[in-house]
> 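So that we are looking at the same thing, I have put the structure below in structure tokens.
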Amino acid sequence: MPGLYSVCLKLADRPCLVVGGGEVAERKIKTLLAAGAQVTVVAHKVTDTIRELAGKGLLRIHNRNFTGNDIPGSFLVIAATDDKGINSAIAKLAHKERVLVNVVDSPEESDFYVPSSFHRGDLTLSVSTNGKVPALSKKIREQLESQYGPEYGHYVTLLEKARKRIYRSSTVNEAARRELIKGLLNIDFIALLREGNNNEAECVMEDYLREHGL
């Protein structure tokens, strides 16, 4: 089997369909909503949390059986029922409509897998076993969460600001830009940010840029 092409999808305002209303569907729905997706749920029964989200206008629920007419117009579909036969049928219909589908209990029928992820601001760390052993992905993700704290969100923001300054300069060529950014990465900003010394970290960055004529 060929390798996978890892991407980060932009789902803001894109229509996404979730078939199923249990705890697994709920977890999938929360991640879709966090990405700004327009979520529609098709299920006879849903969890209290899903119902509450619908009550807040964050998603739509159709309390009925799934039909093939639910798929057209969707950007992606998640088959999350507790019936393997129904999930398989959803996958086949999605493939026919050329709509991306994830089947929660069948990696083989899925077009994509959802990795175990966490965010630190604009930093996203994801772990995947290509759908083979999700529990291992979760274990490794939990280990990483303890290593990469909220200071890394501030770190990305700081580096982004410096990177923009470097790339705005018309006197710095591409090779020099790479070296300047490499130098930034060698500065121990994390220790300062972890202690809450954000202003001091900003001053260190400014000194570095000024030293290099920026």
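Computation of the quantities below employed the complete heavy-atom set of this structure, encompassing side-chain atoms and omitting hydrogens, waters and symmetry-equivalent molecules.
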> Give, for atom CG of L32 and atom SG of C16, the distance between the pair rounded to the nearest 0.5 Å.
5.0 Å
> So, D70 side chain and L17 main chain: donor-acceptor pair closer than 3.5 Å or not?
no
> Taking the basic N atoms (NZ, or NE/NH1/NH2) and the acidic carboxylate oxygens, is any pair closer than 4.0 Å for K161 and E202?
yes
> Should we count CG of D82 as having more than 12 external heavy atoms under 6.0 Å?
no
> Given side chains that start at C-beta, do those of V18 and L59 come closer than 4.5 Å, heavy atoms only?
no
> So how far is it from K182 NZ to L185 CG, rounded to the nearest 0.5 Å?
9.5 Å
> Hydrophobic clustering (ILVMFWY, side-chain heavy atoms < 4.5 Å, transitive) - are I61 and I71 grouped together?
no
> If you count the non-hydrogen atoms of other residues, nucleotides and ligands that lie under 6.0 Å from CZ in R98, is the total more than 12?
no
> Starting at CD of E26, measure out to OG1 of T31 and round the result to the nearest 0.5 Å.
11.0 Å
> Just checking E23: does its CD atom have more than 12 heavy atoms from other residues, nucleotides or ligands closer to it than 6.0 angstrom?
no
> Taking only residues two or more places apart in sequence or in another chain, which ones pass ring pair (Phe, Tyr, Trp, His ring centres under 6.0 Å) with Y167?
none
> Keeping the roles fixed (side chain from S110, backbone from Y113), state whether a donor-acceptor pair exists under 3.5 Å.
no
> Output yes when R165 and E206 qualify as a salt bridge under the 4.0 Å nitrogen-oxygen rule, no when they do not.
yes
> Is any side-chain N of the basic residue among R177 and E174 closer than 4.0 Å to the acidic one's carboxylate O?
yes
> Mind checking side chain to side chain donor-acceptor pair (under 3.5 Å) for S117 and listing every partner two or more places apart, or none if nothing turns up?
S126
> List in chain and number order the residues that pass side-chain contact (heavy atoms from CB on, under 4.5 Å) with A176, two or more places apart in sequence or in another chain; answer none if no residue qualifies.
V172, N173
> Would you kindly confirm whether L125 and V133 end up in one hydrophobic cluster when ILVMFWY residues are joined by side chain heavy atoms under 4.5 Å apart?
yes
> Test of understanding: with side chain to side chain donor-acceptor pair (under 3.5 Å), list the residues that count as partners of N102, not counting sequence neighbours.
none
> Do we get R120 above Y148's six-membered ring, with its NZ or CZ under 6.0 Å from the centre and within 45° of the axis?
no
> So, the side chain of S128 versus the backbone of N130: is there a donor-acceptor pair under 3.5 Å, distance only?
yes
> Which residues pass the ring pair (Phe, Tyr, Trp, His ring centres under 6.0 Å) test with H212, sequence neighbours left out?
Y208
> Please tabulate, for side-chain N and O atoms in residues 189-201, each donor-acceptor pair with protein atoms closer than 3.5 Å (sequence neighbours left out).
residue, atom, partner, partner atom, Å
R194, NE, E151, OE2, 3.1
R194, NH2, E151, OE2, 3.1

> I'd like to know if E160 and K164 make a salt bridge, using a cut-off of under 4.0 Å between side-chain N and carboxylate O.
yes
> For the CG atom on N63, are there more than 12 heavy atoms of other groups (residues, nucleotides or ligands in this structure) within a distance under 6.0 Å?
yes
